[in-house]
Amino acid sequence: RQGGGSFTRYHEDMDAKALEYLDIERELRTAIENDELFLLYQPQYDVRAHKIRSVEALIRWKHPTRGLVNPGDFISVAEQSGQIVDIGAWVIREACRQCRRWVDQGFNIRVAVNLSGIQFHQENLPELIKEALTDSNLPPDLLEVELTESIIMSDANSSISRLNELKPLGLPLAVD
């Protein structure tokens, strides 16, 4: 190949990886509809107060034939294919519903949700979060939005603007 001073070498494993990616992308499209995704909640324990301060929502995929699919094997596919927008919206709604159930049972525990860069810069994110809070009747201070430092720093001006749009919702924000 001319130009660029680089070359690409073909190996049979490349076909297998490409086919695996396409299979996961295709199967992930129906995972929400088929009720294959679920959330686990990792507690964040306050040692001084001797109580659970909050929980972090962690997505999992129970595939009908593959079994439990490691998030590392499907999150990047979801991000590259754009499916992370629908999956992220589902996570926010489901985390709010579960948190509301805990509140109704007498547990006042905050739930943290991680956002991908694509989700964070998604145009309708503030409306989506507001709708999830309203539908679940969850106080906004019980939903914490977690962002990675790299998301914020990738486009600082846009990130500041987005954070200013989220601020009126009353959500706690955390940098992970």
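Since the structure is predicted, the reported quantities are computational estimates derived from the model, not experimental observations. Computation of the quantities below employed the complete heavy-atom set of this structure, encompassing side-chain atoms and omitting hydrogens, waters and symmetry-equivalent molecules.
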Trp61 and Leu28, any side-chain heavy atoms less than 4.5 Å apart: yes
Which atom of Ser81 lies closest to which atom of Ala78, heavy atoms considered: OG-O, 3.4 Å
Heavy-atom check, side chain of Arg60 versus side chain of Leu37, under 4.5 Å: no
Heavy-atom neighbours of Phe107 CZ exceed 12 at 6.0 Å: no
Positive for side chain to side chain contact (heavy atoms under 4.5 Å, CB included) with Val91, one of Leu115, Ile59, Ile32, Leu58: Ile59
Qualifying residue, where the test is side chain to side chain contact (heavy atoms under 4.5 Å, CB included) with Ser150 and the options are Leu147, Thr148, Ile152: Thr148
Salt bridge present between Arg101 and Glu94 (N-O < 4.0 angstrom): yes
Check ion pair Glu144-Arg110 (N to O, under 4.0 angstrom): yes
Glu131 side-chain N/O to Leu128 backbone N/O, donor-acceptor pair under 3.5 Å: no
Sidechain-backbone polar pair: Asp73 side chain, Val69 backbone, donor-acceptor under 3.5 Å: no
Student check: side-chain heavy atoms of Glu56 and Tyr41 closer than 4.5 Å: no
Heavy-atom side-chain contact between Leu143 and Leu133 under 4.5 Å: yes
Stepwise salt bridge (charged side-chain N to carboxylate O under 4.0 Å, His left out) check, Arg26 with Glu20: CA-CA 10 Å; Arg26 180 179 43 80; Glu20 177 71 10; over 6 Å; no
Heavy-atom closest pair, residues Arg162 and Leu125: NH1-CB, 3.4 Å
Residue pair Ile92 / Val145, side-chain heavy-atom distance below 4.5 Å: no
Side-chain touch Ile109/Leu142, heavy atoms, less than 4.5 angstrom: no
Donor-acceptor under 3.5 Å (Ser159 side chain, Asp155 main chain): yes
Any Ile87 side-chain heavy atom under 4.5 Å of Val85 side chain: no
Derivation and outcome, side chain to side chain donor-acceptor pair (under 3.5 Å), residues Glu27 and His63: CA-CA 9 Å; Glu27 294 166 350; His63 189 278; 2.9 Å; yes
Side-chain (Arg100) to main-chain (Asn137) donor-acceptor, under 3.5 angstrom: yes
Sub-4.5 Å side-chain heavy-atom contact between Arg66 and Ile24: yes
Least distance between heavy atoms, Leu169 atom then Pro126 atom: CD1-O, 3.7 Å
Atom CD of Glu123 with >12 non-hydrogen neighbours under 6.0 angstrom: no
